[in-house]
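Note sheet for the following structure.
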Number of protein chains: 2
Amino acid sequence: MPDVDGRRRDLAAMIAPLQRALVAAEQPVLRAHGLSMWGYVVLDALEGQPVRTQAALAEFVGADKSRIIGVLDELENDGLLERPRDPADRRARLVTITGEGRRRHRAVQAEVQRGEERLLGLLPPADREALLRSLAVLADELPKLD
Amino acid sequence: MPDVDGRRRDLAAMIAPLQRALVAAEQPVLRAHGLSMWGYVVLDALEGQPVRTQAALAEFVGADKSRIIGVLDELENDGLLERPRDPADRRARLVTITGEGRRRHRAVQAEVQRGEERLLGLLPPADREALLRSLAVLADELPKLD
DNA sequence: TATTGTTATACTCTATAACTATA
DNA sequence: TATAGTTATAGAGTATAACAATA
């Protein structure tokens with residue numbers, strides 16, 4: 001459908017409503033589990049890489065370092081992560097997810113992805129796989145663009 | 001890479017940074033052509049369907065009816081669209097894109113998509129097509145979900 | 001009374017810049 | 001002096017509700 005006449009829709013124009021819908025669908029799930037959107041994003045990031053400095057963590061999730069502080073406060077308060085000071089450099093804090101944080105993250109992610117499957121189920125299996133594969137490539141290559 | 005072990009990344013988690021990057025890349029292009037992001041979105045919508053009521057137009061682009069008024073004011077001021085009152089129902093306004101609006105939209109879109117190609121070029125041609133096709137399907141099926 | 005467009009208001013998000021404590 | 005984290009402030013973006021004109 002695209003490119004047969006050399007024209008196609010904007011990538012951004014197709015992604016934007018999709019993003020809105022996905023966020024809206026996540027909202028009740030997050031609320032049910034007592035997580036904010038940024039809280040979930042942070043847990044998701046920590047699930048992979050174990051430790052990091054707050055500034056690096058912020059950049060990794062696409063936020064300002066000052067913006068995630070409230071988020072980290074809440075997550076720490078709920079026992080979902082710990083952030084003791086780094087003995088080697090007492091300015092920095094070693095942010096690590098707790099077992100409870102991991103459980104919470106997995107529970108939420110399971111529900112989130114179950115919701116996403118409603119959409120992905122509309123696609124032929126081969127396209128579904130190509131979509132997920134392609135998005136992973138694009139998301140990972142973004143930092144290298146400039 | 002997804003699904004070999006039954007696990008995959010969140011669709012939303014991959015799309016979010018992509019969306020941010022695309023928007024950031026569009027910004028200088030839009031500025032150079034004297035368009036706001038919403039202005040471009042509105043022109044893009046009008047390029048397809050010719051007329052409509054402002055409320056329907058707003059909903060179509062995913063905005064509140066009160067939010068696009070300033071946008072329409074600017075576009076009208078710049079001669080990119082017209083919105084005479086509907087003689088049949090003088091409450092409504094018939095919003096139509098002008099020739100100049102069409103030209104402006106096409107010029108911007110050409111540059112926007114040229115930028116997007118930098119990303120899409122990272123994908124194998126078959127995946128590129130599957131991605132565009134799949135996103136179009138998902139974006140179109142969203143309203144029918146609930 | 002209901003609807004279209006509009007305006008006004010409040011609220012949330014985000015970015016920036018100052019501050020502290022360590023180095 | 002520079003850096004990590006924090007706090008405070010201002011700005012942009014957004015949603016909500018009230019209003020005028022028309023139906």
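Just so it is clear: chains get the letters A, B, ... in the order the sequence lines come, proteins before strands, and each one is counted from 1. All values below were derived from every heavy atom in this structure, side-chain atoms included, with hydrogens, water molecules and symmetry-related copies excluded.
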Next item on the list: Mind checking side-chain hydrogen bond (donor to acceptor under 3.5 Å, both in side chains) for B:Asp64 and listing every partner two or more places apart, or none if nothing turns up?
Entry: B:Ser66

Notebook entry, point to check: Quick one: is A:Arg93 getting a side-chain N or O under 4.0 Å of the D:dT6 phosphate, OP1 or OP2?
Noted result: yes

Notebook entry, point to check: So does B:Trp38 get a side-chain nitrogen or oxygen closer than 4.0 Å to the phosphate oxygens (OP1/OP2) of D:dT14?
Noted result: yes

Next item on the list: Using whole Å, report how far CG of B:Asp86 lies from P of C:dG5.
Entry: 9 Å

Next item on the list: Could you state the atom-to-atom distance from CZ of B:Arg91 to P of C:dT4 in whole Å?
Entry: 6 Å

Margin query: Heavy atoms within less than 4.0 Å of DNA chain D: which residues of residues 54-83 of chain A have one? Give them sorted by number.
Written below: A:Gln54, A:Ala55, A:Lys65, A:Ser66, A:Ile69, A:Arg83

Margin query: Need to verify one output field. Residue with the more 5' nearest nucleotide on DNA chain C, A:Asp89 or B:Arg85?
Written below: B:Arg85

Item checked: Donor-acceptor pair under 3.5 Å, A:Arg90 side chain vs C:dT22 base -> no

Check: Are A:Glu117 and B:Arg8 within salt-bridge range, i.e. N to O under 4.0 Å?
Finding: yes

Checklist line | Pair A:Asp44 + A:Arg106, salt bridge at N-O below 4.0 Å | finding: no

Item checked: Over 12 non-hydrogen atoms of neighbours within 6.0 angstrom of CZ in B:Arg85 -> yes

Margin query: Can you confirm whether A:Glu59 is buried at CD, in the sense that more than 12 heavy atoms of other residues, nucleotides or ligands lie under 6.0 Å from that atom?
Written below: no

Item checked: Distance in Å, A:Leu131 CG paired with B:Met14 CE, rounded so as to fall on 0.5 Å steps -> 7.0 Å

